[in-house]
Amino acid sequence: MSLKGKVALVTGGTRGIGLAMVKALKAEGCKVAITGRERHNLPVLADMYFPIDLSVRKGSMAIVPLIVQELGGIDILVNNAGAQFHGPANKYKLKDWDHSLELMITAPAMLSANAKRYMPPGSHIINILSTASFQGARNIVGYVVAKHGLLGLTRALAIEWAPDIHVNAIAPGLTETDMLADMTPERKEFLKSITPGGKFCTPEDIAEALIYLVNSKSIYGQVITVDNGWLAKQGG
Ligand SMILES: NC(=O)c1ccc[n+]([C@@H]2O[C@H](COP(=O)([O-])OP(=O)(O)OC[C@H]3O[C@@H](n4cnc5c(N)ncnc54)[C@H](OP(=O)(O)O)[C@@H]3O)[C@@H](O)[C@H]2O)c1
């Protein structure tokens with residue numbers, strides 16, 4: 001479809017992968033609403049900005065109707081906002097567990113259900129997963145469980161809402177954003193050395209996959225993995 005004039009919502013559109021996707025959608029002529037937790041200087045780029053913590057239940061309920069009212073509809077929803085809380089699984093804090101599941105499963109589910117009420121046939125919902133949707137990772141059990149759940153949500157909604165709504169996902173591998181801020185340079189070099197592509201993704205790599213998916217017409221319930229080959233070798 002031509003994306004010109006289409007209305008998109010990107011959660012977590014303030015930084016990193018979300019910001020790259022906002023820029024890519026704007027370059028295609030979309031009107032773009034975003035969420036973030038604080039007021040960044042992004043309203044310059046985005047057409048609407050919702051400062052909202054998506055880990056708070058029902059916090060997201062008002063967003064979609066306001067977008068429809070202000071921007072004239074909703075055609076694309078990108079459930080991108082995500083965060084990692086570190087800790088060993090046997091001592092994982094309950095608040096971090098709850099935050100992970102609310103932010104990366106419940107909020108996407110509620111936003112998707114809200115958006116479906118207004119989306120015309122041919123609309124797209126894209127969930128941003130992770131390679132941790134397909135394999136374990138140490139010290140981030142809430143994140144791994146939430147990302148596996150978001151894969152399940154993608155498949156469940158895809159078959160229930162086809163053919164009108166295309167529900168698909170992108171699974172990024174390690175991508176240079178603030179999410180990797182705590183990683184030492186040595187750790188980064190090691191991880192790159194065991195990645196077939198020999199590098200991390202850029203946020204723009206993930207945005208490229210988004211533009212492909214939202215232009216597609218016959219893809220339902222699929223995941224595009226953009227990970228420099230990480231999953232192809234199962235991390236071994
Ligand atoms: N970077 C990677 O290596 C990687 C790999 C695989 C998957 N991913 C996934 O890609 C997505 C984007 O990650 P990123 O790397 O771009 O991370 P990032 O740079 O840390 O950005 C995270 C975004 O999510 C928003 N966010 C975080 N917690 C939130 C909350 N409780 N409520 C509302 N918004 C919240 C942030 O908003 P504020 O700006 O307001 O904080 C920010 O816009 C996430 O779903 C992540 O899991 C990333």
Side-chain angles (χ1 to χ4, degrees), residues 9-24 32-43 45-46 49-63 77-86 95-108 110-111 125-137 140-151 153-154 169-183 187-188 191-192 195 197 199-210 223-228 230-231 235:
L9 166 61
V10 180
T11 67
T14 53
R15 298 188 276 125
I17 291 170
L19 177 56
M21 295 193 293
V22 171
K23 288 179 179 167
V32 185
I34 65 168
T35 75
R37 279 166 302 177
E38 291 160 19
R39 189 154 283 282
H40 300 256
N41 59 0
L42 257 158
L45 183 68
Y49 178 61
F50 296 90
I52 186 166
D53 185 340
L54 290 173
S55 72
V56 177
R57 178 71 60 101
K58 291 190 179 155
S60 62
M61 293 301 271
I63 295 176
L77 166 63
V78 186
N79 287 308
N80 166 71
Q84 291 182 344
F85 300 96
H86 296 255
K95 74 172 175 54
D96 294 344
W97 174 270
D98 288 344
H99 192 129
S100 301
L101 270 56
E102 287 291 328
L103 175 62
M104 292 178 278
I105 300 178
T106 309
M110 292 177 112
L111 282 170
I125 295 173
I126 310 293
N127 295 324
I128 305 303
L129 311 180
S130 164
T131 48
S133 295
F134 301 96
Q135 61 181 185
I140 47 170
V141 65
Y143 184 81
V144 172
V145 169
K147 290 296 188 181
H148 274 68
L150 193 52
L151 170 62
L153 181 73
T154 305
I170 300 167
L174 289 158
T175 305
E176 283 288 5
T177 71
D178 294 345
M179 195 166 270
L180 306 189
D182 293 340
M183 202 180 272
R187 176 80 180 149
K188 283 188 177 180
L191 289 170
K192 285 176 189 172
T195 300
K199 58 186 170 61
F200 290 172
C201 300
T202 65
E204 290 71 27
D205 293 335
I206 316 305
E208 202 173 85
L210 175 76
V223 183
I224 297 187
T225 301
V226 185
D227 69 347
N228 282 300
W230 177 269
L231 276 185

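As the structure lists them, so they are numbered: ligands from 1, and atoms in each ligand from 1. No hydrogens, no waters, no symmetry mates; every other heavy atom, side chains included, goes into these values. These numbers were taken from a predicted model, which means no experiment stands behind them.
For the pair Leu129 and ligand 1, a heavy-atom separation below 4.0 Å is found. Using a non-hydrogen distance threshold of 4.0 Å, Leu180 registers as a contact of ligand 1. For Gly173, the heavy-atom gap to ligand 1 drops under 4.0 angstrom. Heavy-atom separations between Gln84 and ligand 1 are all 4.0 Å or longer. Under a 4.0 Å heavy-atom criterion, Val56 is not in contact with ligand 1. In this structure, Phe200 does not count as a contact residue of ligand 1, since none of its heavy atoms falls inside 4.0 Å of the ligand. Residue Glu102 places no heavy atom under 4.0 Å from ligand 1.
Ranked by closest heavy atom to atom 30 (C) of ligand 1, the top entry among Met104, Arg37, Met183 is Arg37. The option with the heavy atom closest to atom 27 (C) of ligand 1, from among Gly82, Ser55, Gly16, Ala81, is Gly82. With Asn79, Thr14, Leu150, Thr11 as candidates, the residue nearest to atom 42 (C) of ligand 1 on a non-hydrogen basis is Thr14.
Val145 has its side chain out of reach of Ser100: every pair of non-hydrogen atoms, C-beta onward, lies at least 4.5 Å apart. Residues Arg15 and Thr177 have side chains not in contact (no heavy-atom distance under 4.5 Å, counting atoms from C-beta outward). Residues Ile140 and His86 have side chains in contact (heavy-atom distance under 4.5 Å, counting atoms from C-beta outward).
Checked by distance only, ligand 1 and Thr35 stay at 3.5 Å or farther apart across all their nitrogen or oxygen atoms. At a 3.5 angstrom cut-off on N or O pairs, Gly12 counts as close to ligand 1. Where the criterion is an N or O separation shorter than 3.5 Å, residue side chain and backbone included, Leu54 meets it with respect to ligand 1. Taking only nitrogen or oxygen atoms, main chain and side chain alike, Ile17 reaches within less than 3.5 Å of ligand 1. For a threshold of 3.5 Å applied to N or O pairs, the pair formed by Thr177 and ligand 1 contains at least one separation below that value.
Set against the non-hydrogen atoms of Tyr143, the atoms of ligand 1 under 4.0 Å away are 6 (C), 7 (C), 8 (N), 9 (C), 46 (C), 47 (O). Of all the atoms in ligand 1, the ones that sit under 4.0 Å from a non-hydrogen atom of Ile128 are 9 (C), 10 (O), 11 (C). Within ligand 1, counting atoms from 1 as listed, the ones closer than 4.0 Å to a heavy atom of Ile52 are 32 (N), 33 (C). Near Asp178, the atoms of ligand 1 lying under 4.0 angstrom from a non-hydrogen atom of the residue are 19 (O). Less than 4.0 angstrom separates some heavy atom of His99 from each of these atoms of ligand 1: 31 (N). Of all the atoms in ligand 1, the ones that sit under 4.0 Å from a non-hydrogen atom of Leu174 are 3 (O).
Looking only at distances, a side-chain donor or acceptor of His148 sits under 3.5 Å from a matching main-chain atom of Val144. Between the Asn80 side chain and the Val10 main chain, no donor and acceptor come within less than 3.5 Å of each other. Asp205 places a side-chain N or O within donor-acceptor distance of the main-chain N or O of Thr202, the cut-off being under 3.5 Å. No donor-acceptor distance shorter than 3.5 angstrom exists from the side chain of Thr14 to the backbone of Gly12, with no hydrogens or angles considered. Thr11 contributes a side-chain N or O that, together with a main-chain N or O of Ala81, makes up a donor-acceptor pair within less than 3.5 Å. In this structure a side-chain-to-backbone donor-acceptor pair under 3.5 Å is missing from Lys147 to Phe134.
Contact annotation for Thr175 and ligand 1: heavy atoms of both the backbone and the side chain come within less than 4.0 Å of the ligand. Only the side chain of Lys147 comes within 4.0 Å of ligand 1, counting heavy atoms alone; its backbone N, CA, C and O stay farther away. Both the backbone and the side chain of Asp53 come within 4.0 Å of ligand 1, judged by heavy-atom distances.
Applying the 6.0 Å contact sphere to CD of Glu208 captures no more than 12 heavy atoms from other residues, nucleotides or ligands.
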Subject >> Worked verdict on Ile170 versus Val78 for side chain to side chain contact (heavy atoms under 4.5 Å, CB included) >> reply: CA-CA 10 Å; Ile170 300 167; Val78 186; over 6 Å; no
**OP:** Tell me, with the steps shown, if Met179 and Ile17 meet side chain to side chain contact (heavy atoms under 4.5 Å, CB included).
**Re:** CA-CA 10 Å; Met179 195 166 270; Ile17 291 170; over 6 Å; no
Subject >> Stepwise side-chain hydrogen bond (donor to acceptor under 3.5 Å, both in side chains) check, Thr154 with Asn127 >> reply: CA-CA 7 Å; Thr154 305; Asn127 295 324; 3.0 Å; yes
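Remark: Glu204 does not engage Lys23 in a salt bridge, criterion side-chain N to carboxylate O under 4.0 Å.
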